[in-house]
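In the text below, chain A, chain B and the rest are named by the order of the sequence lines, each starting its count at 1.
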Amino acid sequence: MNDSGSTVDRQEEQQSQIPDEIKDKWEREQMKLKKQMVLTDSSDISKIISCCQGKTSDNFLIGGVDISFVKGDHVNACAALIVLNFPQLEVVYEDCQMIKLTAPYIPGFLAFREAYLLEEMYNKLKKTQPQYVPQVIMVDGNGILHPRGFGLACHLGVLLDTPCIGVAKNLFQVDGIENDDDHQLKIKQLSKGGDTFKLVGTSCKVLGKALRSCDSAPNPIYISTGHKVTLDSAVELVYKCCKHRVPEPTRQADIKSREYLRVSFGSEHEEQKNKGKKKQRTKTTKHSNSECNPVDNVEELFEDTCCLFDGENT
DNA sequence: GCGACAG
DNA sequence: ATCTTGTCGC
């Protein structure tokens, strides 16, 4: 009688069902794309940084992407692509759309769940409103702070050939970087907005930085390079975009996607709130059959995703 | 083997 | 990611 834990169980179940061949394939894809990753500032980034430092004044566009989920649903979600002007930080473009996620969430493989959907939205923007194509995108998740040095921000950056910055709200423990007592101590030593400390991996490489993004938020965010931007530029730019803990591009994307879900599915959520009685194991007459069944066929689940990377067949 | 694990 | 209450502050 553990109904409440079912969603968690289901997620764990999915992960354990994932065939090694698929993970291997995904790892190979990551390694392949990683060769195209660029870790220096693009010319646009250099201009924006100059603007930050008051050396020039100009207008720039910064993108933010985020995905919000339908409660208790691991497939249906709303993706948002937002563009803000900089340094004003006003929303100049927003696009929300319902999506279906084909792959499950697996730490280290987030890109295979989200990247291609975000890519589609970016292409839509490029096609319909090219004047709003941003010079850089902030991504929910990590860049090179990743088990294989190629997180979602890198992945999306390479796919779009656009500068991307990874902004994570939680530390992904990678390459010896742990959320231990020492880490917690360093966090306590971040006394004001703009303070940072380096996240140093085993090989003494700096994989990212923890940034206290504003005075009012003691918990840092974790910045790492995605593509075509250096870590220091990324940190500076993110900090300039922080009215709150989460930088505005990402935050606006989060707000807009949740709002979209609330308007579309709000009533159904209300139903679930009416729990004068306990669990409503009643038949959800909508799809009483296997249609809404979670995952009993893994191959079916991965069919679409796999096709994306099947181009290498002889 | 055990724990950790972006969203 | 999502759930959840009140509370403190600009």
Side-chain angles (χ1 to χ4, degrees), chain A residues 3-12 14-16 18 23 26 30 64-80 99-118 138-157 164-180 183 193 199 201-202 207-211 214-226 238 242-247 250-251 253-255 257-258 260-262 265-266 268-270 272-273 275 279:
Chain A
D3 289 353
S4 57
S6 63
T7 58
V8 175
D9 293 344
R10 190 170 302 150
Q11 205 171 27
E12 286 175 357
Q14 281 187 2
Q15 292 189 25
S16 63
I18 291 168
K23 285 192 181 177
W26 284 355
Q30 287 177 330
V65 292
D66 191 35
I67 296 180
S68 293
F69 296 82
V70 174
K71 171 167 78 169
D73 189 330
H74 291 268
V75 174
N76 295 295
C78 176
I99 54 170
K100 284 188 186 297
L101 296 150
T102 54
Y105 167 67
I106 308 166
F109 298 97
L110 180 60
F112 295 92
R113 180 167 164 81
E114 301 189 347
Y116 114 88
L117 295 157
L118 301 176
M138 293 187 186
V139 177
D140 237 317
N142 292 304
I144 64 172
L145 182 58
H146 177 276
R148 289 166 295 283
F150 197 73
L152 175 59
C154 306
H155 202 117
L156 188 66
C164 281
I165 299 172
V167 182
K169 294 182 284 293
N170 296 100
L171 179 64
F172 196 6
Q173 303 193 163
V174 148
D175 194 26
I177 300 168
E178 292 180 80
N179 188 3
D180 51 15
H183 185 81
L199 303 169
T202 305
L207 301 184
K209 277 187 176 179
L211 164 70
C214 60
D215 290 338
S216 57
N219 274 354
I221 53 180
Y222 299 95
I223 315 296
S224 58
T225 286
V238 168
C242 282
K243 294 179 178 172
H244 306 282
R245 184 169 91 111
V246 175
T250 311
R251 184 168 163 272
D254 182 64
I255 291 173
S257 59
R258 297 169 98 104
Y260 191 94
L261 282 183
R262 203 194 57 209
F265 294 86
E268 293 196 14
H269 285 194
E270 289 302 316
Q272 295 191 8
K273 274 188 184 173
K275 46 184 164 195
K279 45 212 157 183

**OP:** Using a 3.5 Å limit on both pairing distances, list the dot-bracket string of DNA chain C from the 5' end; Watson-Crick and G-U wobble pairs count, crossing pairs take [ ], interstrand pairs take |.
**Re:** ..........
Subject >> Runs of at least three consecutive pairs that involve DNA chain B, where pairs are Watson-Crick or G-U with distances under 3.5 Å >> reply: none
Original post:
With sugar-phosphate meaning primed atoms plus P, OP1 and OP2, does G108(A) contact a base, only sugar-phosphate, or nothing at under 4.0 Å between heavy atoms?
Top reply: base
Original post:
Does a side-chain N or O from N170(A) land closer than 4.0 Å to OP1 or OP2 of dG7(B), or not?
Top reply: yes
**OP:** For N142(A), answer base if it contacts any base atom (sugar-phosphate contacts may also be present), sugar-phosphate if it contacts only those atoms, and nothing otherwise; contact means non-hydrogen atoms under 4.0 Å.
**Re:** base
Subject >> Donor-acceptor pair, side chain of T202(A) and main chain of D175(A), under 3.5 angstrom >> reply: yes
Subject >> For E178(A) against Q173(A), the heavy-atom pair lying closest together >> reply: C-OE1, 3.9 Å
Original post:
Looking at K71(A), does any N or O in its side chain come under 4.0 Å of the phosphate oxygens OP1/OP2 on dA1(C)?
Top reply: no
**OP:** Indicate whether OP1 or OP2 belonging to dA6(B) is found under 4.0 Å from a side-chain N or O atom of Y222(A).
**Re:** no
**OP:** Have a look at S68(A) and say if it touches a base, only the backbone sugar-phosphate, or nothing, with a 4.0 Å heavy-atom cut-off.
**Re:** sugar-phosphate
**OP:** Can you tell me the distance, in whole Å, between the CG atom of L171(A) and the P atom of dG7(B)?
**Re:** 10 Å
**OP:** Mind running a 4.0 Å heavy-atom check of residues 147-154 of chain A against DNA chain B and sending the residues that fall below it, in number order?
**Re:** G151(A), L152(A)
**OP:** Look at the side-chain N and O atoms of R258(A) and state whether any lies under 4.0 Å from the OP1 or OP2 oxygen of dT2(C).
**Re:** yes
**OP:** Any chance you could lay out the side chain to side chain contact (heavy atoms under 4.5 Å, CB included) test for D254(A) and D140(A), step after step, and finish with the verdict?
**Re:** CA-CA 9 Å; D254(A) 182 64; D140(A) 237 317; 5.6 Å; no
